[in-house]
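To start, the structure itself, in structure tokens.
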Amino acid sequence: MTPYRLLLRAASVSKIGSRSVFTAAKPDHTNPNWLRVGLAFGTSAFLWGLLFKQHSTDVHEYKVRNGLE
């Protein structure tokens with residue numbers, strides 16, 4: 001048997017003999033989990049805040065090093 005045929009056979013067996021563990025229940029889109037939504041947006045806002053703070057610090061350091069300030 002050629003390696004290509006073995007690969008095809010392995011792919012077909014893995015599709016038939018496996019199932020997803022992570023889709024036990026379909027998500028309810030009419031009633032979102034507000035805790036997770038809040039954590040996602042809060043984390044995103046926090047990371048953006050850190051990014052802007054770091055950027056302003058870097059710009060200030062650049063200006064001081066190059067005598068622009």
Would you list the atom pairs, donor with acceptor, under 3.5 Å between side chains in residues 32-54 and any protein atom, with sequence neighbours excluded?
| unit_1 | atom_1 | unit_2 | atom_2 | d |
| --- | --- | --- | --- | --- |
| Asn33 | OD1 | Leu35 | N | 3.4 |
| Thr43 | OG1 | Leu39 | O | 2.7 |
| Gln54 | NE2 | Asp58 | OD1 | 2.9 |

Item checked: Under the side-chain hydrogen bond (donor to acceptor under 3.5 Å, both in side chains) test, residues paired with Asp28 that sit two or more places apart -> Thr30
Next item on the list: Please say which of Val64, Asn66, Val59 ends up in a side-chain contact (heavy atoms from CB on, under 4.5 Å) with Tyr62.
Entry: Asn66
